[in-house]
Amino acid sequence: MSDMSTISRTAGAEAIAYVGHWIDGQDPQVAGARTSPIFNPATGTNIGHVALATRADVDRAVASAARAFPKWSQTPPIRRARVLFKFLELLNRHRDELAAAITREHGKVASDAQGEVTRGIEIVEFACGIPQLLKGDYTDQVSTGIDNWTLRQPLGVVAGVTPFNFPVMVPMWMFPVAIAAGNTFILKPSPLDPTPSIMLARLFKEAGLPDGVFNVVQGDKDAVDALLEHPDVKALSFVGSTPVAHKIYMEGARHGKRVQALGGAKNHMVVMPDADMDQAADALIGAAFGSAGERCMALSVAVLVGDAAERILPILTQKTRALKVRNGTDPEAEMGPIISTAARERIAGYIAQGQSEGAKLLVDGREFRQASAGGGCDNGFWLGGTLFDQVTPGMSVYKDEIFGPVLSCLRVATLEEAVELINAHEYGNGVCCFTRDGSTAREFARNIEVGMVGINVPLPVPMAWHGFGGWKKSLFGDMHIYGEEGVRFYTKQKSVMQRWPVGKRTGAEFSMPTAV
């Protein structure tokens with residue numbers, strides 16, 4: 001499967017894969033002037049190169065999408081849905097190849113990669129119901145002889161800029177809904193793991209999607225800027241860091257675009273004294289260190305209430321040290337490598353800074369021995385899980401999004417203090433509380449100022465028919481991604497009032513129409 005999305009070129013004795021763009025239903029297999037290397041994070045090996053789009057490449061993609069829009073937007077929703085159903089069938093048939101590509105280029109363990117593909121497929125399942133989701137409202141006789149109804153129509157050419165940490169799932173948060181609603185779409189994926197984007201494009205074409213409806217431009221900031229500035233791009237969705245999300249929101253608005261930009265996170269888990277400590281510890285370990293902490297919904301802070309700290313920290317310490325940090329292809333692996341050597345050094349810098357600021361380092365992930373990850377992993381981008389205790393709100397390991405396998409533990413006396421602490425943080429993406437008490441859970445869920453809340457659920461990622469998105473600096477824009485809000489984001493409402501002449505004409509009317 002992966003071979004169909006790349007070509008190989010010989011560089012010395014080694015075959016190097018090349019990943020290009022997908023424009024107008026074609027994968028032009030000619031290397032552009034600018035490329036970027038693709039690495040296998042587990043081994044540190046250069047396994048390919050990806051094209052970096054020029055403005056001319058972006059212009060070609062937008063022109064292709066603009067040509068395809070009139071016919072696709074006029075295609076009946078049920079026929080668009082049938083293409084989505086076929087795409088869904090192909091995704092299920094090729095889920096193993098997609099997951100393998102994720103593990104190879106991102107590094108996450110195989111089970112996590114499979115889970116990512118599954119969550120992406122769920123959005124396609126949701127999008128298959130687009131005829132129901134596009135229904136408008138109708139009022140008969142809104143005034144004498146006048147009927148009023150609303151309909152939702154597509155925007156035109158829309159775009160999505162997606163991060164490295166979910167090269168299949170996050171794009172599928174966007175394009176299935178947008179395309180099902182009648183738009184044409186341009187995806188700009190991360191250059192760190194670009195192969196899945198081309199695999200998705202090929203499967204969509206095989207499903208019967210007309211050329212130009214879905215395009216992929218590989219690239220970096222130049223491609224993003226070109227999409228933001230292009231007058232024919234009507235809307236842009238983004239998932240990434242908060243500084244970039246804010247810039248994209250501001251730039252998109254300046255250019256008259258509709259924008260939803262999902263930013264960073266610092267997700268807390270509150271552990272109440274009445275919680276099942278073994279269950280809470282398992283939840284923390286999985287949600288903090290799964291995907292090497294490279295998730296916007298990763299738990300990076302444990303807020304330990306009352307005597308919970310003394311009871312859970314020994315369990316957390318033992319479990320962090322026992323993490324199976326291995327090549328993602330190992331079926332027993334629980335955590336894989338960091339995405340890049342630059343990311344590894346940045347995370348290691350935060351660990352050092354946490355120490356210097358006075359946090360107590362219980363487990364130091366920098367001590368991880370690369371050779372223990374498996375054969376051929378000596379040059380990979382590795383860290384073990386890191387656990388801090390006695391972290392305070394002023395420390396960088398608490399304030400900043402580290403985006404790595406670092407769990408910081410804070411101690412508070414009461415639930416009220418925990419809620420006040422979390423509500424004061426600039427991020428408001430995800431949060432959870434582990435407790436056996438229903439009153440505590442209800443009070444927490446109502447008073448916490450965070451967009452996605454879990455009660456005894458460590459990763460409260462909404463299902464496909466709900467919307468994903470946080471509060472505060474975790475989301476710029478008015479509408480969450482996917483779900484019904486996603487449908488609203490990718491469509492515009494039109495209101496139609498209709499009257500047919502009957503009886504005697506009354507002449508010109510100069511007053512405001514009223515319901516009479």
Side-chain angles (χ1 to χ4, degrees), residues 62 65-84 123 126-160 173-186 213 230-237 249 252-261 462 464-469 475-516:
V62 175
R67 286 193 302 271
F69 173 70
K71 184 175 181 179
W72 182 247
S73 64
Q74 292 300 318
T75 300
I78 189 64
R79 286 174 53 194
R80 297 198 297 256
R82 287 171 186 152
V83 177
L84 268 290
I123 307 298
F126 168 79
C128 286
I130 204 68
Q132 168 71 14
L133 302 171
L134 293 179
K135 289 196 309 184
D137 299 314
Y138 185 93
T139 302
D140 172 68
Q141 198 76 349
V142 71
S143 187
T144 304
I146 299 177
D147 305 323
N148 189 187
W149 69 89
T150 61
L151 58 153
R152 302 207 68 86
Q153 294 184 320
L155 304 178
V157 179
V158 299
W173 283 359
M174 303 174 186
F175 73 79
V177 178
I179 289 172
N183 301 281
T184 54
F185 195 93
I186 300 170
V213 176
H230 202 294
D232 288 342
V233 176
K234 304 303 181 185
L236 189 139
S237 301
Y249 179 70
R254 188 169 72 86
H255 289 283
K257 301 187 193 312
R258 185 179 290 189
V259 179
Q260 55 180 187
W465 48 95
H466 295 281
F468 182 102
L475 173 67
F476 299 91
D478 298 324
M479 285 176 273
H480 290 184
I481 205 164
Y482 69 78
E484 291 190 14
E485 287 210 356
V487 176
R488 284 192 287 272
F489 178 78
Y490 289 121
T491 57
K492 52 195 174 187
Q493 177 180 289
K494 180 181 286 183
S495 177
V496 181
M497 297 188 75
Q498 176 176 276
R499 175 173 62 188
W500 295 101
V502 294
K504 186 172 70 174
R505 296 181 181 274
T506 59
E509 298 177 2
F510 296 96
S511 61
M512 175 65 68
T514 58
V516 296

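Count residues from 1 along the sequence.
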Listed by chain and number, what are the side chain to side chain donor-acceptor pair (under 3.5 Å) partners of [X], not counting sequence neighbours?
X	result
Lys494	Gln153
Ser73	none
Tyr482	none
Gln132	Lys135

With [X], which residues qualify under side chain to side chain contact (heavy atoms under 4.5 Å, CB included), at least two apart?
X	result
Gln498	Trp149, Trp500
Ala464	Glu122, Ile123, Phe126
Asp140	Tyr138, Asp147
Pro231	none

For residues [X] and [Y], report the shortest heavy-atom separation together with the two atoms involved.
X	Y	value
Ala127	Leu84	CB-CD1, 4.3 Å
Gln493	Arg152	CB-NH1, 3.7 Å
Gly252	Val259	CA-CG2, 3.7 Å
Trp173	Ile481	CE3-CG2, 3.8 Å
Ala181	Pro154	O-CB, 3.5 Å
Asn148	Ser495	ND2-OG, 3.2 Å

Exercise for the section: Assess whether atom CG of Asp232 is packed by more than 12 heavy atoms of other residues, nucleotides or ligands within 6.0 Å. Expected result: yes

Problem - Whether over 12 other heavy atoms sit under 6.0 Å from Glu485 CD - result: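 Counting other residues, nucleotides and ligands, CD of Glu485 exceeds 12 neighbours.
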
Exercise for the section: Verify, without hydrogens or angle tests, whether Arg258 (side chain) and Gly477 (backbone) share a donor-acceptor contact under 3.5 angstrom. Expected result: no

Handout entry: Donor-acceptor contact present, side-chain Asn183 to main-chain Val157, <3.5 Å
Key = no

Handout entry: side-chain contact (heavy atoms from CB on, under 4.5 Å) assessment of Thr491 paired with Leu134
Key = CA-CA 9 Å; Thr491 57; Leu134 293 179; 4.0 Å; yes

Practice task
First locate atom CZ of Phe69, then atom CD of Gln74, and finally report the distance between them rounded to the nearest 0.5 Å.
Solution key: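 Here the interatomic distance stands at 8.0 Å.
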
Practice task
Hey, could you give me the CZ/CG distance between Phe468 and Leu475, rounded to the nearest 0.5 Å?
Solution key: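 Phe468 atom CZ to Leu475 atom CG measures 9.5 Å (nearest 0.5 Å).
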
Handout entry: Partner residues of Tyr490 under the ring-ring contact (aromatic ring centres under 6.0 Å, His included) criterion, sequence neighbours left out
Key = none

Handout entry: Contacts of Phe476 that satisfy ring-ring contact (aromatic ring centres under 6.0 Å, His included) - sequence neighbours left out
Key =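 Expected list: His246.
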
Handout entry: Pairwise side-chain contact, Trp72 with Ile179, heavy-atom cut-off 4.5 Å (strictly under)
Key = yes

Exercise for the section: Taking the side chain as every heavy atom from C-beta outward, state whether Ser237 and Val158 have any pair of such atoms under 4.5 Å apart. Expected result: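 Not in contact.
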
Handout entry: salt bridge (charged side-chain N to carboxylate O under 4.0 Å, His left out): pairs with one or both residues in residues 66-76, sequence neighbours excluded
Key = Asp24-Arg67

Handout entry: Candidate pair His230 and His255, rule side-chain contact (heavy atoms from CB on, under 4.5 Å), full reasoning
Key = CA-CA 8 Å; His230 202 294; His255 289 283; over 6 Å; no

